[in-house]
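Bear in mind the structure is a predicted one, so any value in this text is a computation, not a measurement.
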Amino acid sequence: MTALPAALEPWALWLNLFAPDLAPAVGALLLRLHPLVGKLSTATLERGAEPAGIGNIVRRGHYERLLISEWAIADAEPDEFLRRAGSGELLFNGPEPAVHQRSLHSVALFDAGPAQLGEPRLAHLALFILLARRAQQAGAQFRWGIWQRPGVMFDDSGHDALRKLLRSRTLQPAPVDARQQWEAELGADLADCWLIGVSGEAPRQARNQVAIRRALGGNHLHVCVRQRRDQRTLQLELPAAPVAVRLLRKPFTPAALPGTIHHRDTRPSRAQAPRFSSGGKLVCVRQLDGSGIVYHVPQSASGKPGKYRILSVPAHGAILAAGVFKTTLSCITSADGTLKFHNFPGPLLSGKPILCERPPLEDFHAPPGMARWLEAFYLLANHTVKRYEHVVVLDTKRRLVCWQAVPPASPTAMPTVSFHHMLDDVIGIHHLGDSLYIGCAEGGGVQLYHWHSQNSSPSKMNRIAQAGSALLHGALKGEPDGHGGTLLAIKTGATQWWVGSHNKGETMDIDDGATVLGVAISSKHPKPGLVVLHPGRRRIEMRVGHVRHELATSPEPIQQASMDAASARIAWITAKSSTVVVRDLDGEQPLLQISCDGGADDADDAYE
């Protein structure tokens with residue numbers, strides 16, 4: 001719940017329903033209108049009814065109910081008695097009206113027609129809250145209706161009632177006999193009835209009327225309240241136009257951040273984490289039907305997301321391996337013993353999809369029907385003599401394989417694609433800049449490889465004397481392309497990780513069940529550390545040695561999370577609403593947030 005100023009606490013039950021940044025605007029309207037409404041009398045003695053007894057002591061009344069002590073003063077000090085009578089200081093027995101008390105009901109009728117569209121409905125919203133609270137204080141039943149719909153009454157006053165009130169706008173006028181119909185519906189004994197915004201002759205029960213009209217100039221309304229013989233007016237200042245629009249359209253939805261996208265018809269898959277392009281400028285979200293959507297990630301939290309690209313389900317089989325390159329999702333599909341290459345960015349594989357035979361299972365182990373796409377990498381070599389392209393995939397048996405495309409002999413022929421086995425026991429591979437950085441478990445340690453796009457195969461780098469079962473790479477600070485070396489994190493035991501660069505590092509324990517996403521250097525700590533998903537699955541942390549600091553939190557559990565090695569950006573998809581969030585490692589706000597619900601509220605009112 002939002003902390004409210006003391007002056008707004010009486011209406012906290014309603015104000016806490018609104019988005020936190022909208023509640024002050026509603027509170028300002030309430031404070032301005034509240035003096036015009038007044039209190040609801042808790043008891044009303046019917047005219048001509050006999051009192052049931054003594055209720056309290058009052059300063060006004062019939063002299064037959066004058067206190068005995070006052071009669072004693074009249075006998076002893078007549079002049080004092082006359083003075084007290086003249087100044088209204090005499091005390092009387094107040095009548096007890098409980099037996100003849102009318103049933104306490106308060107009714108409000110709102111004009112939702114054309115004359116009250118736009119700004120006047122902000123006053124409707126505030127008056128609804130004031131009258132509901134007024135009835136609650138008096139222990140009365142509060143009911144309300146729309147003037148254009150005679151006989152239809154509602155007795156709720158919470159979140160759903162406010163939404164109904166805002167959605168009730170209409171361009172249709174009220175029935176000609178609306179007054180007669182409402183008189184019959186309200187009954188003869190109704191003591192408190194409010195007519196809000198309605199012009200013309202009112203039902204006889206409506207002793208309280210509120211006229212609302214737009215001012216000819218300025219950002220305010222003229223509000224006139226008539227209560228029996230009393231009439232009061234005020235000039236009601238309105239909130240700024242953007243705030244007013246949100247109050248009428250989506251009053252309960254927090255303000256969308258600049259990088260927010262709402263998709264009503266998307267169905268993200270929670271089986272795999274969002275997948276980054278190298279450098280974190282694009283992110284792909286897999287859909288339940290096997291398709292994918294690629295989003296542009298803004299460079300700052302204040303930037304607007306670019307156009308997204310929806311990639312339909314391939315006609316040829318299902319996606320086996322995929323990667324995000326240039327502005328789209330590149331993939332390999334599998335069907336009937338064949339593989340097809342789609343949308344790879346180079347000149348050889350970017351045209352018509354190329355079909356080739358699928359390697360046998362002993363050479364390329366990737367069972368069909370997997371819920372998670374294998375990760376595909378792409379390298380383009382442009383030599384003056386020859387040009388070739390590599391599509392590299394790590395299969396489920398930790399074997400690194402490659403399909404090499406070479407130019408055809410004639411311009412009309414298709415490129416030739418050949419399959420090659422590259423490395424075994426690969427425990428980690430990452431794309432940094434124009435190179436792949438690979439680690440293989442070998443001889444009780446980890447052999448590192450570097451595969452530059454201009455080379456036909458990976459070349460050996462240094463060897464880390466740490467036996468490991470998993471390897472993570474990360475770009476060194478100031479070296480986003482990895483040419484100056486990379487950060488390394490090697491899983492050396494069930495809970496132990498070796499974190500460092502080259503041959504220098506230290507051991508860390510991740511013994512609480514947290515999921516390690518990547519290795520990076522945060523601006524909050526000079527040493528490299530591990531980025532982890534907390535076992536509670538509601539926050540992402542940076543752990544450096546025994547020090548922990550929180551990077552991001554989620555209001556609901558995180559189902560899957562990922563991290564881009566080159567940019568140190570993190571992304572996750574939530575377990576309930578399938579919301580996708582992308583953030584910089586040290587960012588305070590999301591760079592991109594993708595919601596598939598279209599927004600929680602759609603009070604699609606007009607603001608004119």
Would you check, one step at a time, whether the test salt bridge (Lys or Arg N to Asp or Glu O under 4.0 Å) holds for Arg399 with Asp363? CA-CA 8 Å; Arg399 290 176 296 199; Asp363 293 331; 5.6 Å; no
Should Lys281 and Asp564 be marked as a salt bridge (Lys or Arg N to Asp or Glu O under 4.0 Å) after you check the CA-CA gap, both sets of side-chain angles, and the distance that decides it? CA-CA 10 Å; Lys281 295 181 179 180; Asp564 174 51; over 6 Å; no
Determine, stepwise, if the pair Arg358 / Ser334 fulfils side chain to side chain donor-acceptor pair (under 3.5 Å). CA-CA 8 Å; Arg358 177 170 176 155; Ser334 173; 2.6 Å; yes
Residue pair Arg538, Thr553: steps toward the side chain to side chain donor-acceptor pair (under 3.5 Å) verdict: CA-CA 6 Å; Arg538 286 183 180 267; Thr553 60; over 6 Å; no
One pair to check against side chain to side chain donor-acceptor pair (under 3.5 Å): Glu556 and Ser577. What are the steps and the verdict? CA-CA 8 Å; Glu556 59 178 290; Ser577 64; 2.6 Å; yes
Please step through side-chain contact (heavy atoms from CB on, under 4.5 Å) for the pair Asp586 and Leu551, ending with a clear verdict. CA-CA 7 Å; Asp586 294 317; Leu551 296 176; 4.3 Å; yes
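Shown here is Glu588, whose CD atom has no more than 12 heavy atoms of other residues, nucleotides or ligands within 6.0 Å. For Asp336, the CG atom counts as loosely surrounded, since its 6.0 Å shell holds 12 or fewer non-hydrogen atoms of other residues, nucleotides or ligands. Crowding of Lys397 atom NZ: a count of heavy atoms from other residues, nucleotides or ligands under 6.0 Å not exceeding 12.
Note on ring orientation: taking the six-membered ring where Trp is involved, the planes of Phe341 and Trp403 are perpendicular (angle over 60°, cut-offs 30° and 60°).
Of the possible donor and acceptor atoms, one in the side chain of Thr396 sits under 3.5 Å from a partner among the backbone N and O of His365. Formation of a donor-acceptor pair under 3.5 Å by the Thr574 side chain with backbone atoms of Ser578 is found in this model. Distance alone, capped at 3.5 Å, places no donor-acceptor pair between the Ser453 side chain and the Leu379 backbone. Remark: the backbone N or O of Ser457 is not paired with any side-chain donor or acceptor of Tyr449 at under 3.5 angstrom. Checked by atom type and distance alone, the side chain of Arg463 pairs as donor or acceptor with a backbone atom of Glu442 at under 3.5 Å. Counting only distance, with no hydrogens or angles, the side chain of Arg309 and the backbone of Gly292 share no donor-acceptor pair below 3.5 Å. Checked by atom type and distance alone, the side chain of Glu389 pairs as donor or acceptor with a backbone atom of Leu348 at under 3.5 Å. Side-chain N or O atoms of His534 include one that pairs as donor or acceptor with a backbone N or O of Gly536 at under 3.5 Å. The backbone N or O of Ala12 lies less than 3.5 Å from a partner atom in the side chain of Asn16, making a donor-acceptor pair. No donor-acceptor distance shorter than 3.5 angstrom exists from the side chain of Ser350 to the backbone of Asn343, with no hydrogens or angles considered.
For Ser269, the side chain to side chain contact (heavy atoms under 4.5 Å, CB included) partners at least two apart in sequence or on another chain are Ala271, Arg286, Leu288. Residues satisfying the side chain to side chain contact (heavy atoms under 4.5 Å, CB included) test with Asp584, not counting sequence neighbours, are Arg569, Leu591.
Ring to ring, His296 and Tyr308 are not that close: their centroids are 6.0 angstrom or more apart. In this structure, the ring of His390 has its center less than 6.0 angstrom from the ring center of Tyr388.
Expressed to the nearest 0.5 Å, how far CD1 of Ile310 lies from OG1 of Thr328 amounts to 12.0 Å. Once rounded to the nearest 0.5 Å, the distance linking NE2 of His452 with OH of Tyr437 reads 8.0 Å. In this structure, Ser277 OG and Leu329 CG are separated by 11.0 Å, a value rounded to the nearest 0.5 Å. With values rounded to the nearest 0.5 angstrom, Ile540 atom CD1 is found 5.0 Å from Trp572 atom CH2.
Using a cutoff of 4.0 Å between basic side-chain nitrogens and carboxylate oxygens, Arg246 and Asp21 are scored as salt-bridged.
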For residues 314-327, please give each side-chain donor-acceptor pair under 3.5 Å, one per line with the distance, not counting sequence neighbours.
unit_1, atom_1, unit_2, atom_2, d
His316, ND1, Thr333, OG1, 2.8
His316, NE2, Thr338, OG1, 3.0

